[in-house]
Asker: 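The structure is given below, and queries will be raised subsequently.
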Amino acid sequence: MTVSTSTFVAIRARETHWGVHAKLVKSIVSERDWSGARPFEMAEALGVSVEQDDSPHPILVLATDEGSLPFRAFGRLLFRQLDVASVLPVPMLVRCPGKRQPVTGIAFQENGPPLVVLDWIALLAAAREGTPG
């Protein structure tokens with residue numbers, strides 16, 4: 001039996017959802033309860049402006065080969081389940097050679113905002129270097 005859907009942990013930011021595959025997320029911790037290392041700022045790495053709503057943004061702990069790394073979300077979290085075929089890869093034409101690309105694909109659906117699929121390898125590399133994308 002072939003699996004035709006994937007679940008993403010998505011961050012809602014205005015009219016767009018930004019997501020990573022759910023299987024990569026080890027845990028989600030509220031900002032108030034977080035006591036680990038300083039989380040990497042995803043919004044800065046993606047060049048996304050954070051809504052100033054004074055609500056705490058959760059910490060996504062992503063699993064890596066070496067352990068885990070914390071990332072601060074920049075909006076409310078939700079789960080999105082999509083047909084794998086609906087995720088369209090970002091064409092090479094719009095990718096910038098020599099620069100790490102944090103976006104790997106996008107999915108458009110009639111029943112919700114677009115989901116921008118994040119390249120977790122690029123995000124992990126940026127977090128390890130301590131620099132935005």
Side-chain angles (χ1 to χ4, degrees):
M1 181 175 174
T2 304
V3 176
S4 63
T5 61
S6 285
T7 302
F8 294 85
V9 174
I11 302 167
R12 184 173 56 198
R14 293 182 176 79
E15 305 301 317
T16 305
H17 294 167
W18 300 76
V20 294
H21 202 285
K23 70 180 180 184
L24 304 171
V25 179
K26 184 176 176 180
S27 63
I28 300 171
V29 182
S30 75
E31 190 173 42
R32 287 183 296 273
D33 295 335
W34 181 252
S35 61
R38 183 174 179 261
F40 185 70
E41 300 293 338
M42 290 178 74
E44 184 179 345
L46 297 170
V48 174
S49 62
V50 178
E51 293 181 28
Q52 300 301 323
D53 59 3
D54 293 330
S55 64
H57 295 129
I59 309 302
L60 296 174
V61 182
L62 298 184
T64 70
D65 291 340
E66 298 85 32
S68 57
L69 281 171
F71 290 81
R72 183 182 319 284
F74 47 89
R76 291 181 177 222
L77 296 181
L78 58 129
F79 291 93
R80 295 272 309 262
Q81 190 165 27
L82 305 173
D83 184 325
V84 173
S86 72
V87 179
L88 306 172
V90 174
M92 290 306 292
L93 180 64
V94 298
R95 296 189 122 198
C96 179
K99 184 176 180 193
R100 190 178 305 119
Q101 300 294 312
V103 175
T104 190
I106 188 164
F108 297 99
Q109 292 189 309
E110 290 180 25
N111 60 348
L115 175 72
V116 177
V117 179
L118 299 174
D119 183 343
W120 69 279
I121 294 173
L123 287 174
L124 290 174
R128 286 183 180 126
E129 294 170 8
T131 59

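If you read the sequence from its start, that first residue is 1, and numbering goes on from there.
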Asker: Over all heavy atoms of both residues, which pair between Gly19 and Phe8 is shortest? Give the atoms and the distance, please.
Answerer: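 Minimum heavy-atom contact is C-CD2, 4.4 Å.
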Asker: Listed by chain and number, what are the side chain to side chain contact (heavy atoms under 4.5 Å, CB included) partners of Ala63, not counting sequence neighbours?
Answerer: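 Ala63 satisfies side chain to side chain contact (heavy atoms under 4.5 Å, CB included) with Lys26 only.
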Asker: Do Val48 and Val90 belong to the same hydrophobic cluster, where Ile, Leu, Val, Met, Phe, Trp and Tyr are linked whenever their side-chain heavy atoms lie under 4.5 Å apart, directly or via other members?
Answerer: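 Linked, Val48 and Val90 end up in one cluster.
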Asker: My understanding is that a hydrophobic cluster links ILVMFWY residues whose side chain heavy atoms are under 4.5 Å apart, including indirect links. Using that, what else belongs to the cluster containing Leu78?
Answerer: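 Hydrophobic cluster check, Leu78: no partners found.
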Asker: Please tell me whether Leu124 and Phe74 are part of a single hydrophobic cluster in this structure, the criterion being side-chain heavy atoms less than 4.5 Å apart.
Answerer: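 They do share one cluster, since a chain of ILVMFWY contacts under 4.5 Å joins Leu124 to Phe74.
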Asker: What residues, two or more places apart in sequence or in another chain, satisfy side chain to side chain contact (heavy atoms under 4.5 Å, CB included) together with Ser86?
Answerer: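 If we apply the side chain to side chain contact (heavy atoms under 4.5 Å, CB included) test to Ser86, skipping adjacent residues, the hits are Leu82, Asp83, Ala107, Gln109.
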Asker: In the single-linkage hydrophobic clustering (I, L, V, M, F, W, Y; side-chain heavy atoms under 4.5 Å), do Leu24 and Val117 co-cluster?
Answerer: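 In one cluster: no.
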Asker: Please table the atom pairs, donor to acceptor, closer than 3.5 Å between any side-chain atom in residues 34-43 and protein atoms at least two apart or in another chain.
Answerer:
unit_1	atom_1	unit_2	atom_2	d
Trp34	NE1	Gly36	O	3.4
Trp34	NE1	Ala37	O	2.8
Glu41	OE1	Arg72	NE	3.3
Glu41	OE2	Arg72	NE	2.8
Glu41	OE2	Arg72	NH2	3.4

Asker: Please name the pair of heavy atoms, one in Glu15 and one in Pro113, separated by the smallest distance, quoted to 0.1 Å.
Answerer: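 In terms of heavy atoms, the two residues are closest at O-CB, 3.3 Å.
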Asker: So Leu118 and Val103, do their side chains get closer than 4.5 Å, heavy atoms only?
Answerer: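 Yes, at least one pair of side-chain atoms sits under 4.5 Å.
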Asker: For Asp33, enumerate each residue passing the side chain to side chain donor-acceptor pair (under 3.5 Å) test, keeping only those at least two apart in sequence or located in another chain.
Answerer: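 With neighbours one apart ignored, the set is Ser30.
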Asker: Using the side chain to side chain contact (heavy atoms under 4.5 Å, CB included) rule, take Phe71 and Val20 through it: C-alpha gap first, then chi angles, then the decisive distance, then the call.
Answerer: CA-CA 11 Å; Phe71 290 81; Val20 294; over 6 Å; no
Asker: For Leu77, what residues pass the side chain to side chain contact (heavy atoms under 4.5 Å, CB included) criterion, not counting sequence neighbours?
Answerer: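 Leu77 satisfies side chain to side chain contact (heavy atoms under 4.5 Å, CB included) with Val9, Ile11, Ile28, Pro58, Leu60, Ala73 only.
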Asker: Can you list every pair that meets side chain to side chain donor-acceptor pair (under 3.5 Å) and has a residue in residues 61-71, with sequence neighbours left out?
Answerer: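 Non-adjacent pairs meeting side chain to side chain donor-acceptor pair (under 3.5 Å): Glu66-Arg128.
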Asker: What residues, two or more places apart in sequence or in another chain, satisfy side chain to side chain contact (heavy atoms under 4.5 Å, CB included) together with Pro89?
Answerer: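 Result, side chain to side chain contact (heavy atoms under 4.5 Å, CB included) vs Pro89: none returned.
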Asker: What is the minimum heavy-atom distance between Leu115 and Ala10, and which atoms define it?
Answerer: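 Smallest interatomic distance, heavy atoms only, reads CD1-CB, 3.9 Å.
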Asker: Taking all heavy atoms of Leu69 and all of Ala127, pick out the closest pair and write down the distance.
Answerer: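 Minimum heavy-atom contact is CD1-CB, 4.1 Å.
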Asker: Out of curiosity, does Val116 fall in the hydrophobic cluster containing Phe79 (side-chain heavy atoms, cut-off under 4.5 Å, transitive links)?
Answerer: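 Yes.
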Asker: Could you tell me if the side chain of Val84 sits less than 4.5 Å from the side chain of Thr5, heavy atoms only?
Answerer: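 No, too far: nothing below the 4.5 Å cut-off.
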Asker: Between Pro102 and Ala122, what is the shortest heavy-atom contact and its length?
Answerer: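 Shortest heavy-atom contact: CA-CB, 4.0 Å.
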